[in-house]
*Asks:* 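My questions will all concern the structure given below.
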Amino acid sequence: PNLNSTPTPTTLLKTLSSSHSLAHFKQVHAHILRSTHSPSHSLILKLLSSPSLPYSLSIFSHLPHPLPSLSTPFLRHLSRSSKPEFAFFVYQRLRNEGIPIDRFAFPPLLKAASRVGWLAEGKEIHGFGFKSGFHSDPFVQTGLMVMYVGCGRLPEARLVFDKMSYRDIVAWRIMIDGYCQSELFDDALELFEEMKRANIEADKFVLSSILSACGRAGNLDCGKAIHDYIIQKELEIDAYLRCALVTMYASCGCMDMAQQLYDQMIPKNVVVSTAMVSGYSRHGRVKDARLIFDQMVEKDLVSWSAMISGYAESDQPQQALRLFNELQILGIRPDQVTMLSVISACANLGVLDKAKWIHVYADKNGFGGSLRINNALIDMYAKCGSLERARNVFEKMTSRNVISWTSMINAFAIHGDANNALRYFQKMKEACVEPNGVTFVGVLYACSHAGLVEEGRKIFASMINEHNITPKHEHYGCMVDLFGRANLLREAVEIVETMPFAPNVVIWGSLMSACQIHGETELGEFTAKRVLELEPDHDGALVLLSNIYAKERKWKNVGDLRQLMKERGICKERGCSRIELNDEVHEFLVADRNHKQAYEIYEKLNEVVSRLKLDGYAPNTGCVLVDLEEEEKREVVLWHSEKLALCYGLINGAKDSCIRIVKNLRVCEDCHTFLKLVSKVYRREIVVRDRTRFHHYRDGVCSCRDYW
């Protein structure tokens, strides 16, 4: 419209409605100010909704004695804006100038306090509402609940809720949502039952919140009951409610029901598809998760993170890192959740070069200052064999919490550096950081793997007497391991017999392993049978029993056990070793001949064995517990996966480079001796991560001091 002529109020209102730039808005405002007519109520309201909130506030500040008919809609506008805190500037002016505030102004003010988490201001408005006589007004009461829930003060919200003379569905929904957001799922479910007793008909939003609570609490029975309630009440299961049902079933691991409901959804949105990916991943069905993921038409960062996390947690770290590379190619920037999954995958893979790259990537993309990321990096470097880099991350951290200290102590523990583990434990206490139960597991583990029996006893006692931490299964397990490794089996048995709860598989397993190491066949047989009582398909216990019978040359018993394992489909976990060279991870199994360089690897192995024999090496066939001829046993022990990985490293690695190997099982005695001799004869540093710890071989000596 032409603003050079004198526009009418109607024209100005239309012009303001179509104005999207601040400059144009100001131009119209100037015409209004020059006009001889007083601006209408609707024109002022339109001016107060300018594209600039500060400009709107400026306009409001120049209004003489604005009535609630103007101030309340403006407060509502501000409470919904990107700067809800601006509502308090308006509130202060109204209070300071004694301008009337009606009951409808309270909900937007309380909403603004909720959105910015301003509890003190919210309480002040609560008090003012009480003095103004609005404390029993349902609109004000609902606003107070919104504010207290938004500020995380559930008891105060519940107090308001309980005092309400009339509660509509909105009030019930706010309270139930509040409990769900604060992860007080039992309270949410209890309130829902109270709501049903009050004959309040639940809407789809309340039902979705309750289904979410059931899923996050893992309460499948309650979730099914809600589903039955929906069917019984003949409520329409729209896309919103179906999504909530699928997510609940997926979260509770009832994937067949989740899949059935998911298949009925057309179209399938990204939220529900991601819930299916997470559900399948969480319950070990990664192939099914990937199938859903690949079928998704639209993927957001959350769905990518769910799939990466699924691989990372299912011991498929290479797949997780591969998927992360795809994410980068697509130009999607990861968030902290994604990075934590990627760092975890890299830690599981145990490849140092990958770990270095991930660290550089995290720093370049702004994650370097994150406490959680740095804690994860400490763990990653420790599991990738670089204690030095783990310590560097720790020392550069500007702030540390109990997880930071615990991660560093665990790092020293798995590398067999018990002295530093104990030193950092002392430094942690000096820094006034209170150790938790996980910290003590790390310290006791360090003592156990270094044979520090007396220190372990003192630390266990201090955990109870000085830090008031009640020992759990894992702490008793560490003590059993501590005594067991030190061949103090009587004391280990005493721990098992006197602990205040029944020993679990892990504790019996620790004692069983100690018996295996020290050749205590009678006690070993007893503990293996205890393990099998708790877990009949435990492959370790069945294999140990088989090994005990084999050592005693009871081949019939061995045959019976192996037949039993075959019938139950139980397989002994095969030895597998990984080595990375030139950005490629190579895996080897026992007697593996599938590698493209298999011929050269076995030739190199023969050469290495010949050289080591000159230094007194003789294959130790004592660990081969099958009925074979001695020559066959020698071949079996020489073809262990870590030896093949080592020879591949000797062939292809740079002459002075460190050879790093990750092994899925405990290193056997023969391989341990073999690796020590190779480090001496070939003058190479070798780092091996086995199932429980690291071995650093240098100049014929291992960091574990042959105590593993």
*Asks:* Is the side chain of H359 donor-acceptor paired with the backbone N or O of L377 at a distance under 3.5 Å, no angle test?
*Replies:*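 Flag not set: sc H359 to bb L377 has no pair under 3.5 Å.
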*Asks:* Answer with yes or no whether the side chains of E525 and Y549 bring together a donor and an acceptor at under 3.5 Å.
*Replies:*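 Yes, because at least one side-chain N or O of Y549 sits under 3.5 Å from a partner of the opposite role on E525.
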*Asks:* If we count only N and O atoms by modelled type, under 3.5 Å, do the side chains of N420 and R423 hold a donor and an acceptor together?
*Replies:*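 The criterion, which ignores hydrogens and geometry beyond distance, is satisfied for R423 and N420.
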*Asks:* Counting only heavy atoms not in E567 (residues, nucleotides, ligands), do more than 12 fall under 6.0 Å from its CD?
*Replies:*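 Above 12, so yes.
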*Asks:* Kindly determine whether K458 and E455 satisfy salt bridge (Lys or Arg N to Asp or Glu O under 4.0 Å), including the steps that lead there.
*Replies:* CA-CA 5 Å; K458 289 175 188 173; E455 286 84 347; over 6 Å; no
*Asks:* Run the ring-ring contact (aromatic ring centres under 6.0 Å, His included) check on F501 and H473 step by step: do they pass?
*Replies:* CA-CA 8 Å; F501 33 69; H473 273 101; 4.3 Å; yes
*Asks:* Give a yes or no on this: more than 12 heavy atoms of other residues, nucleotides or ligands lie within 6.0 Å of atom CG of D699.
*Replies:*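 Not buried by this count: 12 neighbours or fewer within 6.0 Å.
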*Asks:* Compute the centroid of each ring, for W405 and then for F425, and state whether the two points are separated by less than 6.0 Å.
*Replies:*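 Here the rings of F425 and W405 have centres that are no less than 6.0 Å from each other.
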*Asks:* How about Y476 and F460: are their ring centres within less than 6.0 Å of each other?
*Replies:*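 Ring centroids of Y476 and F460 are less than 6.0 Å from each other.
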*Asks:* Kindly indicate whether a cation-pi arrangement holds for K529 with F526, taking the cut-offs as under 6.0 Å to the six-membered ring centre and within 45° of the axis.
*Replies:*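 Judged by the rule (NZ or CZ under 6.0 Å from the ring centre, within 45° of its axis), K529 is not positioned above F526.
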*Asks:* Are a donor atom and an acceptor atom from the side chains of N436 and T439 found within less than 3.5 Å of each other?
*Replies:*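 Note: N436 and T439 side chains meet the donor-acceptor criterion.
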*Asks:* Does the side chain of E494 come under 3.5 Å of the side chain of T498 through a donor N or O and an acceptor N or O?
*Replies:*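 No, no side-chain donor-acceptor pair sits under 3.5 Å.
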*Asks:* Using the rule given for side-chain contact (heavy atoms from CB on, under 4.5 Å), can you reason through M565 versus V543, listing the C-alpha separation, both sets of side-chain angles and the distance that settles it, and then say yes or no?
*Replies:* CA-CA 9 Å; M565 290 175 73; V543 169; 4.0 Å; yes
*Asks:* Under 3.5 Å, is there a donor-acceptor pair between the side chain of R684 and the main chain of I659?
*Replies:*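 No; judged by distance alone, with no hydrogens or angles, the pair does not exist.
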*Asks:* Does R611 make a cation-pi contact with Y682, if we ask for NZ or CZ under 6.0 Å from the ring centre and within 45° of the axis?
*Replies:*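 Yes, a cation-pi geometry.
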*Asks:* Is R698 atom CZ crowded by more than 12 heavy atoms from other residues, nucleotides or ligands, each under 6.0 Å away?
*Replies:*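 Atom CZ in R698 is not crowded, with 12 or fewer foreign heavy atoms closer than 6.0 Å.
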*Asks:* Look at the side chain of H595 and the backbone N and O of A645, then say whether any donor-acceptor pair between them is shorter than 3.5 Å.
*Replies:*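 Here the side-chain-to-backbone pair does not exist.
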*Asks:* Could you tell me whether the side chain of S546 and the main chain of L542 form a donor-acceptor pair under 3.5 Å?
*Replies:*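 No.
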*Asks:* Supply the atom-to-atom distance H695 NE2 to S679 OG, rounded to the nearest 0.5 angstrom.
*Replies:*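 Separation between the atoms: 13.0 Å.
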*Asks:* Look up atom OG in S448 and atom CG in D481, then write down how far apart they are to the nearest 0.5 Å.
*Replies:*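 It comes to 3.5 Å.
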*Asks:* Would you say S344 and L340 make side-chain contact, with heavy atoms under 4.5 Å?
*Replies:*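 Not touching, per the 4.5 Å side-chain cut-off.
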*Asks:* As a quick check of understanding, evaluate salt bridge (Lys or Arg N to Asp or Glu O under 4.0 Å) for R530 and E533, giving each step before the final call.
*Replies:* CA-CA 5 Å; R530 297 294 77 75; E533 283 175 6; 2.6 Å; yes
*Asks:* side-chain hydrogen bond (donor to acceptor under 3.5 Å, both in side chains) for Y445 and R693? Distances and angles first, verdict last.
*Replies:* CA-CA 10 Å; Y445 183 95; R693 62 168 299 152; over 6 Å; no
*Asks:* Tell me whether the centres of the aromatic rings in H467 and F440 are closer together than 6.0 Å.
*Replies:*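 Yes: the rings meet the under 6.0 Å criterion.
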*Asks:* Other residues, nucleotides and ligands only: do more than 12 of their heavy atoms fall within 6.0 Å of CG on D656?
*Replies:*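 At most 12 heavy atoms, drawn from other residues, nucleotides or ligands, come within 6.0 Å of this atom.
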*Asks:* Please determine if R485 forms a cation-pi arrangement with Y707, meaning its NZ or CZ atom is less than 6.0 Å from the six-membered ring centre and no more than 45° off the ring axis.
*Replies:*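 No, R485 does not sit over the ring of Y707.
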*Asks:* Run the salt-bridge test on D353 and R660 with the 4.0 Å N-O cut-off and return the result as yes or no.
*Replies:*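 Salt bridge: no.
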